[in-house]
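A short write-up of the structure that comes next.
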2 protein chains.
Amino acid sequence: MPKQVDHEGRRRQIAEAVCQLADESGLEGVTLRDVAARADVSMGAVQRCFRTKEEMLVFALGHIGERVGARVSARLTASPAQSARTALGHAATEVSLLRDEHRAEARVWLAFVAQAAVSPPLAEILRSNYTGLQTVFTRLISEASDTEDPERAARTLLALADGLTTHVLIGHLSPATALDVLDGHLRHLWNQKAP
Amino acid sequence: MPKQVDHEGRRRQIAEAVCQLADESGLEGVTLRDVAARADVSMGAVQRCFRTKEEMLVFALGHIGERVGARVSARLTASPAQSARTALGHAATEVSLLRDEHRAEARVWLAFVAQAAVSPPLAEILRSNYTGLQTVFTRLISEASDTEDPERAARTLLALADGLTTHVLIGHLSPATALDVLDGHLRHLWNQKAP
DNA sequence: GCCGAAGTGATGCAGGTGCATCGGAAAAGG
DNA sequence: CCTTTTCCGATGCACCTGCATCACTTCGGC
């Protein structure tokens with residue numbers, strides 16, 4: 001048999017390059033040539049890994065979705081002793097991508113969300129990600145409080161987290177202010193039925 | 001003096017075309033040629049109204065910002081007799097662009113937000129819009145309830161509204177669900193200190 | 001009535017895009 | 001060592017992009 005190559009590894013390497021470029025100049029700054037150069041492979045290699053550009057973008061989106069999801073899970077399993085309340089706080093903070101080191105991820109996320117509004121395949125990936133997060137949030141909320149409608153609370157929290165990310169990215173809020181808003185919301189969530 | 005033309009009117013006409021195209025295929029689908037064709041003017045006319053493409057986009061963003069702001073103001077002044085609470089509810093619903101007839105505006109808004117993350121001039125426009133909205137929300141909230149921190153509540157509401165818009169656009173939430181979430185949040189806002 | 005300036009729109013241009021193609025390099029089996 | 005099969009990477013090809021150019025139309029003032 002002839003030369004064998006780690007396809008999955010190369011795909012991830014390319015996805016990483018896509019994210020870097022999207023962070024720097026938006027999704028429309030992502031061209032096959034630039035991606036190949038950034039990933040230190042030839043353009044032909046990129047085209048063999050992904051039949052089309054859209055396929056590449058879809059994979060890259062799934063890639064960062066997995067990364068965020070993994071971080072959330074890590075936060076949850078790493079602190080099983082703490083209360084579900086602090087766990088939810090950590091998870092929400094993680095999803096909001098408010099920390100400076102995740103600003104790049106946030107920009108990439110926003111670029112993909114905008115593209116997803118006019119690209120069904122991308123929207124499909126995002127939907128499954130959000131559904132997963134909402135499930136986790138719902139579970140945590142019903143464990144941590146006696147809110148009457150945990151699902152609605154989870155939807156609220158998820159939307160708030162995304163809105164805060166957006167507002168930080170365009171410079172309307174500072175990361176610290178966004179964190180303060182998130183904390184305040186969580187506090188009200190706990191107090192609303194158990195004063 | 002030679003031929004005179006309504007420049008401002010034509011600019012608005014072009015901005016309208018930009019919004020239509022951005023709604024259909026995202027901001028990267030907005031080319032000078034397509035804009036000219038959609039606005040029923042020649043490409044030269046577009047280039048005379050706006051020195052560069054970015055200048056055109058900035059104007060278009062300001063245009064839809066004004067439209068949303070005008071709708072919010074209209075809602076507020078049209079119902080002065082009602083309580084500040086219902087006024088805030090109407091304003092928040094308006095900002096969320098949840099009604100079907102505003103779906104196009106929402107897609108355009110999202111496209112611009114994503115672009116603003118890598119384009120300072122666009123971000124500047126968005127920031128001033130959000131600052132204005134936040135001021136209005138803060139005033140309404142402090143009038144309508146005795147919340148200890150009206151500014152934080154306003155920031156929360158604004159971020160929640162944007163997050164809901166996003167989630168509806170990518171199909172994670174239905175408009176009705178989003179409205180339900182928004183209503184629930186407003187109800188909790190009133191109850192939190194006056195049970 | 002016509003003159004000249006303001007506004008118009010077709011065309012040109014250099015650069016960049018995604019995708020297809022094809023000669024050749026690399027690795028297993030004989 | 002050589003063949004053969006798989007993969008690689010450079011190049012080519014239409015096409016489209018934003019922007020600049022320039023002959024032309026149009027209209028107010030004399």
Side-chain angles (χ1 to χ4, degrees), chain A residues 1-22 24-61 111-112 114-116 118-122, chain B residues 1-22 24-61 111-112 114-116 118-122:
Chain A
M1 262 181 251
K3 187 151 90 173
Q4 284 288 46
V5 130
D6 177 12
H7 264 223
E8 204 53 31
R10 195 189 283 270
R11 283 181 150 223
R12 271 194 284 273
Q13 177 185 355
I14 291 175
E16 204 55 45
V18 170
C19 290
Q20 285 180 30
L21 290 171
E24 291 165 15
S25 44
L27 252 195
E28 86 287 351
V30 175
T31 77
L32 294 187
R33 281 165 180 80
D34 293 355
V35 167
R38 180 63 63 103
D40 260 319
V41 299
S42 84
M43 225 177 94
V46 176
Q47 297 188 65
R48 203 152 320 79
C49 284
F50 305 103
R51 222 181 314 262
T52 173
K53 184 185 179 182
E54 185 175 53
E55 193 178 308
M56 177 182 79
L57 294 180
V58 166
F59 180 87
L61 176 54
F112 271 111
Q115 188 73 10
V118 293
S119 162
L122 289 178
Chain B
M1 264 178 251
K3 189 150 90 172
Q4 283 290 44
V5 129
D6 177 12
H7 263 219
E8 204 52 32
R10 195 190 286 270
R11 282 181 148 222
R12 272 194 285 273
Q13 177 184 357
I14 291 174
E16 203 56 44
V18 170
C19 291
Q20 286 180 31
L21 291 172
E24 291 165 15
S25 44
L27 252 197
E28 87 287 351
V30 174
T31 76
L32 294 188
R33 283 166 178 79
D34 293 355
V35 168
R38 181 62 63 102
D40 260 320
V41 299
S42 85
M43 225 178 94
V46 175
Q47 295 188 36
R48 206 156 310 75
C49 283
F50 305 103
R51 225 180 312 261
T52 172
K53 185 185 180 181
E54 185 176 52
E55 192 178 309
M56 176 181 79
L57 295 180
V58 166
F59 181 88
L61 176 55
F112 271 112
Q115 188 73 9
V118 292
S119 162
L122 289 178

Under the rule for side-chain hydrogen bond (donor to acceptor under 3.5 Å, both in side chains), what residues qualify as partners of A/Glu55, not counting sequence neighbours? none

Restricting to pairs with a member in residues 40-60 of chain A, which pass ring pair (Phe, Tyr, Trp, His ring centres under 6.0 Å), not counting sequence neighbours? A/Phe50-A/Phe59

Residues passing the side-chain hydrogen bond (donor to acceptor under 3.5 Å, both in side chains) test with A/Gln20, sequence neighbours excluded, are A/Arg38

Strictly under 4.0 angstrom, non-hydrogen atoms only: write out the protein contact profile of nucleotides 9-22 of chain C, one letter per nucleotide from the 5' end, B, S or -. B--B----BBBB--

Through what angle, rounded to 10 degrees, does the axis of the helix from C/dG1-D/dC30 to C/dG30-D/dC1 turn between its ends, using five pairs per end? 10°

Residue list, salt bridge (Lys or Arg N to Asp or Glu O under 4.0 Å) with A/Glu54, at least two apart or on another chain: none

Restricting to non-hydrogen atoms, name the atom on B/Arg10 and the atom on B/Cys49 that form the minimum distance, rounded to 0.1 Å. CD-SG, 3.5 Å

Is the shortest side-chain heavy-atom distance between A/Gln13 and A/Glu16 below 4.5 Å? no

Just distance, no hydrogens or angles: give the donor-acceptor pairs under 3.5 Å from side chains in residues 26-35 of chain A, sequence neighbours left out.
unit_1, atom_1, unit_2, atom_2, d
A/Thr31, OG1, A/Asp34, N, 3.1

